[in-house]
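Heavy-atom basis, side chains included; hydrogens, waters and symmetry copies ignored. FYI, the numbering just counts along the sequence from 1.
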Amino acid sequence: MSESRFIKYIEGKSIIHNLDPRAKIIFVFSILFSLTISPSLILIIPLLIISFLFYLLAKLPLKKTITTWKFVLIIVVVLSMLNLLTLSILYKHGGNIIFEFSWFVITDEIIQRAIFPVMKLLSLAIVTITLIFTTPPKLYAPALGQMHVPYKPAYIIQLAFRYIPEYILEMRKTLEAQMARGFKPKGGKNPLAKILSIIPLIVPVTISAALSIYDIADAMELRGFGEKKNHTWYRKLDFNRKDIFLIILSIFIVLIYILSYFYFRFLF
């Protein structure tokens, strides 16, 4: 059985792997904030380039990330087409006509409006995927805890990052076991039809995952988790020069985009 690498930590020794998780989380949130307030497509392009450079510095092997990228690209393409179709129906004024068939009209302004949210989504996906691929799941709770996030939400986030890949792996095991018994997903080369055909398998896998979560909750409760308000961390994280540089870069990006936001708002 092939090993699942869907949204899962990949060991490595790149500069991004060695960064403190807190610095990477701050960087991701700076990109998210800048994308949120960006009023123009011109301002999204630098963020997309920065996100892509962040991914390249991680030196992640393509064969271990290809499954995730296929999923992300499918989501981006589907959302792009839906966005373009919606805008072409609801927003028919403005811009030069590029394509027209009956009531279906596409202008250059509609394309620009359709690309705008897609580029935001792609930029955010790149930095988020890089964070997940380069950060061991066991470091999320200590990192968030040392960022003064209450330890219960910190553990919830860590368990979520740990169990999403486990759930997908369990889903694959169940599907392969059913295929060994003669089950064949319908739909041929249609990915949507294939997904719909395996929906009945989601129920038993979800029940199995829920039972394993109950086991972990019982084990944590037996060890006294949640009894005390204050919590100490076994793993102590320390910033180095590269972490501080990334944090300063994150603050700089946020300041630039705040100034750009007010500049575009008062200019136009």
Side-chain angles (χ1 to χ4, degrees), residues 2-35 38 44-76 118-147 149 154-155 157-169 172 233-257:
S2 62
E3 187 181 2
S4 173
R5 283 290 178 185
F6 186 77
I7 315 180
K8 191 175 182 181
Y9 170 65
I10 298 173
E11 292 185 3
K13 297 180 180 179
S14 71
I15 187 173
I16 305 299
H17 281 86
N18 294 327
L19 288 172
D20 189 300
R22 293 170 294 177
K24 288 187 276 189
I25 291 171
I26 291 171
F27 177 73
V28 170
F29 274 96
S30 72
I31 295 293
L32 172 62
F33 179 80
S34 303
L35 288 169
S38 294
I44 300 295
I45 294 174
L47 292 175
L48 183 61
I49 295 172
I50 292 171
S51 304
F52 191 61
L53 289 175
F54 186 66
Y55 175 79
L56 289 180
L57 287 173
K59 297 180 179 178
L60 296 166
L62 182 61
K63 65 179 181 180
K64 292 183 179 179
T65 60
I66 188 69
T67 305
T68 301
W69 282 120
K70 283 181 180 177
F71 176 76
V72 171
L73 289 176
I74 288 173
I75 295 294
V76 169
V118 172
M119 290 186 66
K120 282 188 173 184
L121 179 63
L122 188 60
S123 302
L124 183 61
I126 291 172
V127 290
T128 307
I129 287 171
T130 307
L131 169 68
I132 296 171
F133 275 146
T134 60
T135 307
K138 63 183 179 183
L139 294 183
Y140 286 113
L144 293 171
Q146 291 172 42
M147 293 172 74
V149 175
Y155 268 107
I157 294 171
Q158 174 164 307
L159 288 174
F161 278 113
R162 177 182 171 186
Y163 272 95
I164 289 174
E166 295 296 331
Y167 179 85
I168 294 169
L169 182 60
R172 177 173 291 182
W233 299 96
Y234 173 73
R235 295 181 177 86
K236 181 67 176 177
L237 302 173
D238 295 312
F239 287 126
N240 57 34
R241 291 182 179 178
K242 294 174 184 174
D243 301 319
I244 294 172
F245 173 77
L246 185 62
I247 293 171
I248 293 174
L249 176 64
S250 305
I251 296 171
F252 180 74
I253 291 172
V254 169
L255 291 176
I256 290 292
Y257 276 80

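- For the atom pair CD1 of Ile129 and OG1 of Thr68, the computed distance is 6.0 Å after rounding to the nearest 0.5 Å.
- Applying the side chain to side chain donor-acceptor pair (under 3.5 Å) test to residues at least two apart or on different chains, none of the pairs has a partner in residues 118-131.
- Taking each heavy atom of Ser34 and Ser30 in turn, the nearest pair found is OG-O, 2.7 Å.
- For the atom pair Ile132 CD1 and Tyr9 OH, the distance stands at 13.5 Å (nearest 0.5 Å).
- Here the side chain of Asp20 pairs no donor or acceptor atom with the backbone of Asp243 at under 3.5 angstrom.
- In this view, Lys59 and Ser14 satisfy the side chain to side chain contact (heavy atoms under 4.5 Å, CB included) rule, not counting sequence neighbours.
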Under 3.5 Å, sequence neighbours excluded: what are the donor-acceptor pairs made by side chains of residues 135-142?
from, atom 1, to, atom 2, distance (Å)
Thr135, OG1, Lys24, NZ, 3.0
Thr135, OG1, Leu131, O, 2.7

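- Expressed to the nearest 0.5 Å, how far CD1 of Ile50 lies from CG of Leu249 amounts to 6.5 Å.
- Looking at every heavy atom in both residues, Leu237 comes nearest to Arg22 through O-NH2, 3.0 Å.
- With sequence neighbours left out, the side chain to side chain contact (heavy atoms under 4.5 Å, CB included) criterion links Leu57 to Ile15, Ile16.
- To the nearest 0.5 Å, the span separating CZ on Arg241 from CD1 on Ile248 amounts to 12.0 Å.
- How far OH of Tyr55 is from OG1 of Thr65: 3.5 Å, rounded to the nearest 0.5 Å.
- Contact detail for Ser38 and Ile44: the closest heavy-atom pair is CB-CD1, 3.4 Å.
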Requested in this report: Decide side-chain contact (heavy atoms from CB on, under 4.5 Å) for Ile26 and Leu246; before the verdict, give the C-alpha distance in whole Å, the side-chain angles of both, and the deciding distance to 0.1 Å.
Outcome: CA-CA 9 Å; Ile26 291 171; Leu246 185 62; over 6 Å; no
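- Counting heavy-atom neighbours within 6.0 Å of Phe239 CZ, excluding the residue itself, gives a total above 12.
- Interatomic distance, CG of Leu47 versus CZ of Phe33, reported as 12.0 Å (0.5 Å rounding).
- Leu255 is linked by a side chain to side chain contact (heavy atoms under 4.5 Å, CB included) to Ile251, counting only residues two or more places apart in sequence or in another chain.
- Ring geometry for Phe27 against Phe54 counts as tilted: the plane angle lies between 30° and 60°, on a 0 to 90° scale.
- Under the side chain to side chain contact (heavy atoms under 4.5 Å, CB included) criterion, Phe29 pairs with Ile25, Leu32, sequence neighbours left out.
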Query raised in the report: Would Ile126 and Leu48 count as a side-chain contact (heavy atoms from CB on, under 4.5 Å) if you check the C-alpha gap in whole Å, the side-chain angles of each, and the deciding distance to 0.1 Å?
Result: CA-CA 8 Å; Ile126 291 172; Leu48 183 61; 4.0 Å; yes
